[in-house]
Amino acid sequence: MDTVIPAAIAAAIATLCYVSTCYARPFTRCPRCKGRRHLPNRIGRGSHDCRRCDGTGLRLRLGRRLWNHVRRLHHDA
C-alpha cells in the first residue's frame, strides 16, 4: 500500500506532462526518415520523399491524434 500512492502520483505527473506536450507541440519527427524528409534509394543514387510523412519530416503525435478524435466525436454528437 505504501508504494501504490507514489506510483499513482508519478503516473499522473507523467500523463500530465505528455498531455501538455501534445498540446504545445503536436508534431514530432517522423520515425522512419528521422525528420530528414528523404530516404535514400535502394538501387542507384538519389533519394525519394518519405511515404509516412509525405516528405515533411513531421508526424502527428499519437496523443494528439487521440485528442483530435475525441474532439471530433464530441463535436459531431
Side-chain angles (χ1 to χ4, degrees):
M1 177 108 174
D2 294 330
T3 60
V4 174
I5 294 173
I9 291 172
I13 290 172
T15 302
L16 185 63
C17 288
Y18 184 70
V19 167
S20 64
T21 301
C22 286
Y23 179 75
R25 297 184 60 135
F27 292 98
T28 186
R29 291 187 326 168
C30 176
R32 178 148 184 168
C33 67
K34 297 176 182 67
R36 291 178 298 201
R37 301 180 188 180
H38 302 288
L39 294 171
N41 289 337
R42 290 185 182 197
I43 300 173
R45 298 182 185 185
S47 62
H48 62 276
D49 288 343
C50 177
R51 286 191 215 169
R52 284 191 182 177
C53 63
D54 292 327
T56 62
L58 299 173
R59 294 277 302 202
L60 199 57
R61 292 181 192 271
L62 176 64
R64 187 60 184 221
R65 274 187 264 158
L66 290 173
W67 177 266
N68 290 345
H69 179 72
V70 169
R71 275 187 31 212
R72 210 171 292 124
L73 283 176
H74 179 72
H75 183 279
D76 292 344

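The analysis underlying the following values was restricted to heavy atoms, covering all of them including side chains, and did not include hydrogens, waters or symmetry mates.
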Among residues two or more places apart or on two chains, list those pairs meeting side-chain hydrogen bond (donor to acceptor under 3.5 Å, both in side chains) that have a residue in residues 28-39. H38-D49

With R71 via side chain to side chain contact (heavy atoms under 4.5 Å, CB included) - residues at least two apart: R64, W67, N68

List the atom pairs, donor and acceptor, that lie under 3.5 Å between side-chain atoms in residues 7-24 and the rest of the protein, sequence neighbours left out.
residue	atom	partner	partner atom	Å
T15	OG1	A11	O	2.8
Y18	OH	G63	N	3.2
S20	OG	L16	O	3.3
S20	OG	C17	O	2.8
T21	OG1	C17	O	2.9

Has R59 got a side-chain atom pairing as donor or acceptor with P31's backbone, closer than 3.5 angstrom? no

Could you pull out all donor-acceptor pairs under 3.5 Å where a side-chain atom in residues 40-48 meets a protein atom, sequence neighbours excluded?
residue	atom	partner	partner atom	Å
N41	OD1	H48	ND1	2.8
N41	ND2	R45	O	3.4
H48	ND1	L39	O	3.4

Members other than L60 in its cluster, when Ile, Leu, Val, Met, Phe, Trp, Tyr link by side-chain heavy atoms under 4.5 Å? F27, L58

